[in-house]
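Predicted model only: the values in this text are computed from it and were never measured.
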Amino acid sequence: GEIFFGTTSAGLGASQLLQLTFTGFNGVGAHVASGEFAPTSFNLYVATTGNDALDGLTIGNAKLTLQDIINDYDLNAGDVINLSAGTYTEKDITLEADDEGFTIQGAALSSGAPTTIYDSDQTGRWLSFFSANNDNITIDKITVKDYKPAGGTASGGGININALDVTGITVTSCLFD
């Protein structure tokens, strides 16, 4: 018999389930089955030419800020936030309690030198972890420079981990200046 497919969700985001309903006719009676599955991982995109009103699911629909990706998606194992080459001035980026196991991936030259640069004006922090659930996060190929928390003498201007039992944070091919 024929099988008809339909979705009950308007679209997918990194934390959303896709629900499919299968309806078929076997000659005797209708058979309906439904189920849900979650995609295993997502590639998300941020660019200096992006727009936070977009979904960030393709380079052509890149968001402007890392914070907007964090706010819009429940980031999980296998998710990769791809940061295009360029200079960003965003500061005080804060992970949400449900974000874990993902990668923040910058761009780099063939030599490995990062071409994704976060450059502040000597104020604010770049990235803060406030939840014990922010485990197993990888940060790769990013230059972070000129970040300084309020008061000027506090530490953690680049990355501030303010949760005692965060584990598995990996920082590779990054430059902190």
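Distance alone, capped at 3.5 Å, places no donor-acceptor pair between the T103 side chain and the Q105 backbone. The backbone N or O of E100 sits nowhere less than 3.5 Å from a side-chain atom of N134 that would complete a donor-acceptor pair. At least one donor-acceptor pair closer than 3.5 Å links the side chain of K63 to the backbone N or O of L54. Between the side chain of D99 and the backbone N or O of E96 there is at least one donor-acceptor pair closer than 3.5 Å. Using modelled atom types, one side-chain atom of D135 and one backbone atom of T167 make a donor-acceptor pair closer than 3.5 Å. T116 places a side-chain N or O within 3.5 Å of a backbone atom of S84 that can act as its donor or acceptor partner. A distance-only check finds no donor-acceptor pair linking the side chain of T48 to the backbone of G86 [under 3.5 Å]. Between the D177 side chain and the L175 main chain, no donor and acceptor come within less than 3.5 Å of each other. With hydrogens and angles disregarded, a donor-acceptor distance shorter than 3.5 Å links the side chain of D79 to the backbone of F42. A donor-acceptor distance shorter than 3.5 angstrom exists from the side chain of Q67 to the backbone of T94, with no hydrogens or angles considered.
Relative orientation of the Y118 and W126 rings is tilted, given thresholds of 30° and 60° on the angle between their planes.
By the criterion of side-chain heavy atoms lying less than 4.5 angstrom apart, applied directly or through intervening Ile, Leu, Val, Met, Phe, Trp or Tyr residues, I93 is not grouped with L64; the two fall into different hydrophobic clusters. I117 and V46 are members of different hydrophobic clusters when ILVMFWY side chains are connected at heavy-atom separations under 4.5 Å.
Here the CZ-CD1 distance, from R125 to I159, works out to 12.0 Å after rounding to the nearest 0.5 Å.
Judged by distance alone, the side chains of T138 and D140 never bring a donor and an acceptor atom under 3.5 Å apart. Side-chain atoms of T87 and D119 form no donor-acceptor pair, as typed in the model, at a separation below 3.5 Å.
A heavy-atom distance below 4.5 Å is not found between the side chains of D121 and T89. Residues L127 and I104 meet the side-chain proximity criterion, which asks for heavy atoms closer than 4.5 Å.
Heavy atoms only, all atoms of each residue included: T123 and Y147 are closest at O-CD2, 4.0 Å.
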